[in-house]
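Both ligands and their constituent atoms are indexed starting at 1 by order of listing.
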Amino acid sequence: MWQLYKPMKTAYRTHTCGELRSEHKEQTVTLCGWIQRIRELKGQNFVDLRDRYGITQLVFSPQYNEILYQQSKQWNRETVLQVTGKVTERTSKNLNIPTGEIEIIAEQVNVLNPAVLPPFLIENDTDGSEELRMQYRYLDIRRPELRDNLLLRHRFTQAVRNYMDSQGFVEIETPVLIKSTPEGARDFVVPSRMNKGQFYALPQSPQTFKQLLMVAGMDKYFQIVKCFRDEDLRADRQPEFTQIDCEMSFVSQEDVLQTFEGLTKYLFKTLKNIDLPDLPRMTYSDAMRYYGSDKPDTRFDMKFVELNEVTKGFGFSVFDNAELVVGICVKGAANFTRKQLDTLTNFVKKPQIGASGLVYARIENDGSVKSSVDKFYSPEQLLQWKAKFNAQEGDLLLILCGKTDKVRKQLSELRLEVAQQLGLRDKNTYSCLWVVDFPLLEWNEEDNRWYAMHHPFTSPKQEDIQFLGTDNAKVRANAYDLVINGVEIGGGSVRIHDKMLQAKMFEVLGLSKEEAEYKFGFLMDAFEYGAPPHAGCAFGLDRWVMLFAGADSIREVMAFPKNNMGRDTMIDAPSVIDESVMKELGISIKQ
Ligand code: ASP
């Protein structure tokens with residue numbers, strides 16, 4: 001689909017390997033590419049020649065050219081060829097590929113470069129392990145799957161730029177060697193040779209710079225930008241990743257949501273041909289209450305139902321002692337076998353989930369309820385459970401209990417697991433929403449202090465400012481996240497532009513005046529010179545492309561990602577550096 005660029009005739013080739021059709025028959029063409037495969041059939045050699053546009057079949061036959069036929073027996077896969085020949089209609093057409101109607105009868109061949117045998121099959125169905133493919137990433141990118149992901153990524157960034165430009169945004173680059181940015185992760189640092197003993201930090205995001213650009217009057221900024229965070233890696237995290245970073249002045253939260261809802265719709269339409277409906281909005285507190293997560297997967301229902309009223313006080317001590325009894329109703333799953341239910345029980349008991357058990361109840365065909373805790377509840381009491389869930393015959397209720405925050409997280413995991421098992425997390429279905437009204441602050445037990453949930457420049461809701469410093473948990477922020485299919489695609493906030501409020505925020509975060517001055521003095525100073533009200537957001541480009549590509553990891557949509565130890569095994573980085581270089585930089589490693 002992305003192969004339809006108008007290819008250019010060059011000194012080396014007249015067409016690409018994805019271009020020729022039966023309308024080209026009888027033309028003499030020259031193609032360049034890599035040998036994907038050689039097949040011998042009835043005394044002829046069929047060579048599949050590949051480039052990034054597709055595959056074209058070449059025929060070498062003693063009937064046409066004995067010498068070329070003999071040569072073609074010697075070539076390895078991945079040899080780079082330049083081939084001139086005549087386009088001919090195939091007798092047996094391959095309708096699975098766009099060029100399958102034709103083949104080229106080779107008349108002249110130039111071996112541009114021989115190739116050693118690659119360490120894995122360069123096909124979608126490859127035999128190479130991920131580790132091996134990462135080491136030879138340049139070979140892996142020859143595979144259609146990865147190639148298409150990179151092409152999709154290219155279309156995606158083009159579409160972002162088109163939309164942002166059409167809305168009057170200006171793309172401005174911000175520096176990479178900076179001072180620490182406050183996004184809550186560890187910084188990557190770079191020693192300064194000219195300022196010995198001092199370090200730059202790589203940006204975790206351009207947050208402070210884009211706010212300075214607002215002070216500078218560049219009222220609609222965006223940038224497709226690399227960010228760096230030294231965190232433990234997961235499938236959707238890499239030490240360096242790309243954000244679509246945006247900021248606007250003289251706007252309200254509503255303006256920002258509208259603008260980026262527009263971007264979201266535009267990207268869905270342009271890249272997936274999907275007409276997205278208006279994005280629903282859910283408050284953070286509803287998201288936690290009904291899905292146990294601030295990034296709910298809303299492709300399917302299974303909303304949480306709280307059951308304290310109908311489960312506590314009947315002598316079942318596990319429920320009686322719990323702060324919250326809460327469950328989900330799995331439609332039509334009453335026929336889950338004992339074994340399936342045991343598997344789910346084991347799932348919630350895994351240390352990573354940490355529940356102590358799972359209570360289940362089936363809605364039988366006669367409408368009665370059969371539960372795993374029947375001896376504590378009368379049939380009538382169980383019918384009340386059914387009513388709470390609005391459950392029907394054939395449904396299965398899965399119930400957990402415990403401390404509110406913990407049990408919600410556990411049930412959220414269970415909900416996703418069950419949906420996965422039932423095939424409800426279909427990659428071709430998309431469900432987007434805004435999660436709004438996040439708490440401004442979160443308490444950290446270990447450090448015994450408040451942290452900014454988004455970042456320290458996020459403004460509290462006007463009506464909640466009164467609680468700042470006295471009842472911090474109550475303060476909601478003008479902050480929002482875009483969630484697609486249970487993935488946090490990005491988020492942002494209305495910023496504080498008032499110096500006094502910013503100082504108060506630093507104080508609540510436990511930053512002394514000196515620390516605040518040292519870390520963010522430049523921003524505070526800038527705010528003295530007329531900072532406009534401003535707001536913005538940033539989206540994870542890799543994650544978004546991953547969703548559009550139907551990939552399981554952001555690695556699959558990055559050309560040269562790192563492995564989960566943060567290593568690039570292809571170039572072998574990070575690596576030790578010369579002692580002389582260290583000396584010059586004024587650093588030493590003493591073990
Ligand atoms: N800088 C924020 C982030 O990287 C996004 C924003 O608030 O604009 O998450």
Assert yes or no for the condition that the ring centre distance of F304 to Y290 is strictly below 6.0 Å.
-> no
At a non-hydrogen distance cut-off of under 4.0 Å, which region of E488 contacts ligand 1 (side chain, backbone, both, or neither)?
-> neither
Any donor and acceptor pair, going by atom type alone, linking the side chain of T259 with main-chain N or O of D255 inside 3.5 Å?
-> yes
Relative to the heavy atoms of K210, which atoms of ligand 1 are at a distance of less than 4.0 Å?
-> 6 (C), 8 (O)
How are the rings of F539 and W544 set relative to one another: parallel (under 30°), tilted (30 to 60°) or perpendicular (over 60°)?
-> perpendicular
Give a yes/no verdict on whether any heavy atom in Q243 is under 4.0 Å from an atom of ligand 1.
-> yes
By ring pair (Phe, Tyr, Trp, His ring centres under 6.0 Å), F268 pairs with (sequence neighbours left out) Y430, F548
With E323, which residues qualify under side-chain hydrogen bond (donor to acceptor under 3.5 Å, both in side chains), at least two apart?
-> T404
Ligand 1 to H454 polar contact by distance, N or O atoms, under 3.5 Å = yes
Which ligand 1 atoms does G491 reach within 4.0 Å, using its non-hydrogen atoms?
-> 5 (C), 6 (C)
Which pair of non-hydrogen atoms, one from R415 and one from F300, has the smallest distance, and what is that distance?
-> NH2-O, 3.0 Å
Should the proximity of R229 to ligand 1, defined as any heavy atom under 4.0 Å, be assigned to the side chain, the backbone, both, or neither?
-> side chain
Could you see which bit of S205 sits under 4.0 Å from ligand 1, with heavy atoms only: side chain, backbone, both or neither?
-> side chain
Output yes when a side-chain donor or acceptor of N485 lies under 3.5 Å from a complementary backbone atom of V487, and no otherwise.
-> no
Atoms of ligand 1 less than 4.0 Å from G492 heavy atoms?
-> 6 (C), 7 (O)
Which atom names give the shortest non-hydrogen contact between E413 and F347, and what distance separates them?
-> O-CE2, 3.7 Å
Which residue owns the protein heavy atom closest to atom 3 (C) of ligand 1, what's the atom, and how far is it?
-> E183 OE1, 3.6 Å
So the atoms of ligand 1 within less than 4.0 Å of a heavy atom of A538 turn out to be 5 (C), 8 (O)
N/O to N/O below 3.5 Å, does that happen between E247 and ligand 1?
-> no
